[in-house]
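Some notes on the structure that comes next.
Counting starts at 1 for both ligands and their atoms, in listed order. Bear in mind that the values here come from a model prediction, so they are computed numbers and not experimental data.
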Amino acid sequence: MTLGEFDLIERFFQRSRAMPGVIVGVGDDAAVLELPADRQLVVTADTLIEGVHFPVATAAFDIGYKVLAVSVSDLAAMGAMPRWYTLALTLPQADESWLGDFSAGLAALEEASGIALIGGDTTRGALSVTIQAMGWVRRGAAVRRAGARPGDDVYVTGTLGDAALGLKLVRGEVGSAEAFERCRERLDRPRPRTVAGYSLAPFVTAMIDCSDGFVADLTHLLEASGCGAEIDLRQLPLSAPVRRWVSEHGWALPLGGGDDYELIFTADPAQRSVINGIADNLHCAVTRVGVIVEQAGIRLLDEQGHGIEPAQAGYRHF
Ligand code: ADP
Ligand code: MG
């Protein structure tokens, strides 16, 4: 992009406030960052393409907010503190009102998560947004998917299935109701569990963020850890509208629905009181939903306490 490229960057992507660790930010050939000596850098990248990852004509604010939220959630799942990100933006045209809204969406999450925009690239073409987010952890303290051991507890933050119910509202598969609108808010404005992630990190054995759905993401964690899990469906944390949905339609929504951006993690039972204390302090719901076992795969305990496979509970890939 040539015409107005530098004005555009200055207006919409140059932030005025001071940013920790940023020696050189937006405006030079590259950024220069300072990492404290006892920290390691944690890096993740995500691309959202119009028509593929979000519908054509999605509000610009929501696109900015969500692409950054998805990346920050990955940092949270590693137990990392979000610090910096770069933005590679491809646009069909430089529409000022679109750019203003998009930038505001990014800024909302920058503020909420303490991450700073330090550079990027701007090109002309079909709308696509790539973010590379960076955070830091104390040396050796990054939490992996591998690390769960038989006997560990399995936990999940927040509630499951709300974003999937919000998607049903967007698609017109359920009628409009206030409870569903709150679910739609979960879909459009997920709140990555940043502080919970780095606060819980020293006490957990494995962690992943729930983007594809509870069963799918727990399976990733279990496969990396080389073990299985028994999950008590009666303990799954559900909001009132999702609970009502489950009583009529079964468990597919909270087990298979994506986009919740909660954390799934495992910990030694000796850590229960520490973990509950952190949850209370942060006002972040943390629910123990099951236990790690040696035998691979996920077994669910139904309402009667009988073991069933996810498919029998109505689990399917969304
Ligand atoms: P170069 O041609 O040297 O790569 P650019 O013209 O691409 O420089 O970018 C100029 C400056 O603006 C760089 O500091 C770059 O990081 C920054 N920048 C470009 N696009 C964006 C963007 N979308 N968001 C944030 N910073 C950007
Ligand atoms: Mg460039």
What's the verdict on side chain to side chain donor-acceptor pair (under 3.5 Å) for Ser73 and Arg191, showing C-alpha distance, side-chain angles and the deciding distance?
CA-CA 8 Å; Ser73 179; Arg191 296 201 203 151; over 6 Å; no
Would you check, one step at a time, whether the test side chain to side chain donor-acceptor pair (under 3.5 Å) holds for Glu262 with Thr157?
CA-CA 5 Å; Glu262 298 293 351; Thr157 61; 2.5 Å; yes
Carefully, step by step, assess Ser239 and Thr159 under the rule side chain to side chain donor-acceptor pair (under 3.5 Å).
CA-CA 6 Å; Ser239 65; Thr159 55; 4.9 Å; no
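Close contacts between ligand 1 and Glu5 involve ligand atoms 6 (O) [criterion: under 4.0 Å to a heavy atom]. Close approach of ligand 1 to Phe13 (heavy-atom distance below 4.0 Å) involves ligand atoms 22 (C), 23 (N), 24 (N), 25 (C). Close approach of ligand 1 to Gly27 (heavy-atom distance below 4.0 Å) involves ligand atoms 11 (C), 13 (C), 14 (O). Atoms of ligand 1 found under 4.0 Å from any heavy atom of Thr122, numbered from 1 in the order shown, are 19 (C), 20 (N), 21 (C), 22 (C), 23 (N). Against a heavy-atom cut-off of under 4.0 Å, Asp29 is close to the following atoms of ligand 1: 3 (O).
Counting heavy atoms under 4.0 Å from ligand 1, residue Ile9 touches it through the side chain alone.
Partner of Ile131 under the side chain to side chain contact (heavy atoms under 4.5 Å, CB included) criterion, chosen from Leu87, Asp46, Leu117: Leu87.
Inclusion of Ile118 in the set of residues having an N or O under 3.5 Å from an N or O of ligand 1 is not warranted.
By the 4.5 Å side-chain criterion applied to Ile, Leu, Val, Met, Phe, Trp and Tyr, Val56 is assigned to no cluster and stands alone.
Taking all heavy atoms of Val26, Asp28, Leu91, Thr123 into account, the minimum distance to atom 14 (O) of ligand 1 is reached by Asp28.
The ring-ring contact (aromatic ring centres under 6.0 Å, His included) pairs that include a residue from residues 59-106 are Trp84-Trp136, Trp98-Phe102, where partners are two or more places apart or lie in different chains.
Not a single heavy atom of Gln14 lies less than 4.0 angstrom from ligand 1. Within the 4.0 Å heavy-atom shell around ligand 1 one finds Phe6.
Transitive grouping of hydrophobic side chains (ILVMFWY, heavy atoms separated by less than 4.5 Å) keeps Met19 and Val26 in distinct clusters.
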